[in-house]
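Please read all numbers here as calculations on a predicted model, not as lab measurements. First listed ligand is number 1; within each ligand, the first listed atom is number 1. What you see below is based on every heavy atom in this structure, not just the backbone, and it leaves out hydrogens, waters and symmetry mates.
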Amino acid sequence: MTTTPSAARPMRLRFAPSPTGQLHVGNARTAIFNWLLAKGSGGTFILRIEDTDRERSTAASEHAILDDLRWMGLDWSEGVEVGGACGPYRQTERLDLYRDKADELLEAGHAYFCFCSAETLEAERKAALAAGQPPMYRGTCRHITLEDARRRRDAGETAVIRLRVPEARDVAFDDVVRGTVTFNTAVIGDPVLVRSDGIPAYNFAVVIDDALMDITHVVRGEDHISNTPRQLLLYEAFGWTPPAFAHVSLVMGPDHSPLSKRHGATSVAEFRARGYLPEALVNYLALIGWSPGEGQELLPLDELARRFRLDTVGHSAGVFDEEKLAWVNRHYLKQAAPARLTGLGVRFLRQAGWIDQVTGEDIAFLAELVPVTAASLDRLEQLPGRLAFLFDYSAERTLENAAIRAEALAAQPVVDALAAELASGAPMLDKEAFRAVATRVRERTGQKGKALFHPIRLVLTGEAEGMELDLAVPAIERGAARLPRIAGARARAEAFVRVLAAGTQGTR
Ligand code: GLU
């Protein structure tokens, strides 16, 4: 049997996550490809929840997945929470439907009840492995008539329902990404369609749903490729035309094994928490295994959708490259609206414990600082580090560094002159005021250039490098007037002189 995709009609694509954990970036990429195809073709993107694994599925996970999809801008016009003509869209709400469909297959002889116990099956499996054969169901219950089977069940025996797989023939399909894929049924044991507790197995529910939801293209990870012949046999048993299939390569870690925890972050939630912008993560994930054109990789979702074509997706494994993700993110951080960056930045500063409730004026102050700082970051979680000079000044900590202490001691005249200037002067609220102070320190000490400004940097920021002092110093002074956590320049210079002197006495 070879299947060809049905004639051109509006594309209907689905993303069908199992709510058993956080959304993995590999699955997010599958969702993105489906979304791009639907949007780019004027079709429909459907969100279905495959929650038949009742032990592992949780409402919290479903909620988190939906939230991540919305965060990435992958909206759906049909599916859970929004409804649609083919609902319900959560598999555990469709159990009656699966039951009816299982009955149809039983009546038609395409499926049968199997009474083999777990122990028997396990013993058979072991025996097959020991004999060097593939562990497959042996078909013990194939010949039990439906009547007998129903009688035994009425008498209290439990049974699963299995598909009667036709013997020794090829099942082939034209995978849009991988070309013709062929399996022989000789390697397919009769799969379980419905477990003894009445819950459908994945392969059964997915076919019924894809068929009844009129899905035209199934785009999913290649880890599902061996399920596809089983699913095709089900389409055949029902007399349904199957959708087109596209199995996209998995997202790999740098060692070319599937991206997993041991490689580091794997979930959308983790990248989100690190301060990657959604448009960056989506854009980057779309580039794994696909390219919108040499040198034209940085594109918004709608433009990606316009260009996306399934048959241009590569079939070799795509490696997740966090450096490239950071590059994409830098691009979007530079482009993002200042007010948005400020809002996001405030969250990271709050997480660092440096600010609490903020007023509109506090925000106005941060708005001068956060967007310029963010434009030079890989991701927003680095923001507190960059603004530590402002919120986390400590002369003690700075002078614990032997090299800095030595430099400060060698530049003591500059340090003292700066402290003396600040002791009597007004706060340096703008760069002119800062420069005027620097000029007077230069006049007092005769130092200039690096010999002047580097010690000033150490005293006022506590750091050996960082943002321009013209920007940093007014930020310190204005911040000190606003936020209790920020020490002003005068207090910093006093503390620096005191700690430098104390440390010097201590070491003598
Ligand atoms: N629930 C399945 C998964 O998350 C969906 C597979 C499919 O798309 O058919 O892997």
Side-chain angles (χ1 to χ4, degrees), residues 3 5 11-38 43-59 61-66 68-69 74 76 78-80 86 88-95 98 163 173 175-178 181 183 191-193 195 199-235 240 242-251 258-260 266-269 285 310 313:
T3 63
M11 287 175 97
R12 287 176 58 81
L13 296 119
R14 77 338 185 248
F15 178 56
S18 302
T20 53
Q22 294 199 322
L23 182 59
H24 187 280
V25 286
N27 282 339
R29 170 165 154 278
T30 301
I32 292 167
F33 283 176
N34 277 287
W35 189 96
L36 292 176
L37 265 180
T44 306
F45 178 62
I46 298 159
L47 184 69
R48 181 171 76 223
I49 293 292
E50 303 206 326
D51 59 347
T52 53
D53 184 343
R54 285 177 148 172
E55 261 143 47
R56 294 175 58 227
S57 298
T58 66
S61 161
E62 178 185 319
H63 181 80
I65 291 170
L66 266 52
D68 283 342
L69 290 172
L74 306 180
W76 55 99
E78 213 181 297
V80 285
C86 305
Y89 294 91
R90 200 176 279 111
Q91 288 187 328
T92 50
E93 293 167 19
R94 300 170 63 80
L95 298 179
Y98 306 128
L163 177 68
F173 59 101
D175 190 287
V176 186
V177 172
R178 325 186 80 80
V181 178
F183 286 86
V192 172
L193 303 180
R195 290 185 273 265
I199 302 295
Y202 157 73
N203 275 316
F204 186 55
V206 77
V207 166
I208 291 168
D209 291 349
D210 286 341
L212 299 187
M213 292 179 187
D214 208 14
I215 300 301
T216 58
H217 294 70
V218 168
V219 180
R220 61 185 171 205
E222 69 175 343
D223 49 334
H224 283 291
I225 203 155
S226 62
N227 286 319
T228 305
R230 292 169 175 80
Q231 294 175 17
L232 284 168
L233 290 168
L234 274 165
Y235 281 97
W240 291 333
F245 288 95
H247 291 91
V248 298
S249 64
L250 299 183
V251 174
L259 185 71
S260 71
T266 57
S267 69
V268 169
L285 290 175
L310 207 43
V313 172

Do side-chain atoms of [X] reach the backbone of [Y] as a donor and acceptor pair under 3.5 angstrom?
{"X": "R90", "Y": "D51", "answer": "no"}
{"X": "S61", "Y": "P19", "answer": "yes"}
{"X": "D175", "Y": "H247", "answer": "yes"}
{"X": "N34", "Y": "V219", "answer": "yes"}

(request) Classify the angle between the aromatic ring planes of Y235 and W240 as parallel (below 30°), tilted (30 to 60°) or perpendicular (above 60°). (result)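 Ring orientation, 0 to 90° scale: perpendicular.
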(request) Hey, can you tell me if F45 and F15 have their rings parallel, tilted or perpendicular (30° and 60° cut-offs)? (result)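 Ring orientation, 0 to 90° scale: parallel.
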Please tabulate, one line per pair, the protein nitrogen or oxygen atoms found under 3.5 angstrom from a nitrogen or oxygen of ligand 1, with distances to 0.1 Å, or say none if there are no such pairs.
residue, atom, partner, partner atom, Å
ligand 1, 1 (N), A16, O, 2.8
ligand 1, 1 (N), S18, OG, 2.9
ligand 1, 1 (N), E50, OE1, 2.6
ligand 1, 8 (O), R14, NH1, 2.6
ligand 1, 8 (O), R14, NH2, 3.4
ligand 1, 9 (O), R14, NH2, 2.9
ligand 1, 9 (O), Y202, OH, 2.6
ligand 1, 9 (O), R220, NH1, 2.9
ligand 1, 10 (O), H224, NE2, 2.7

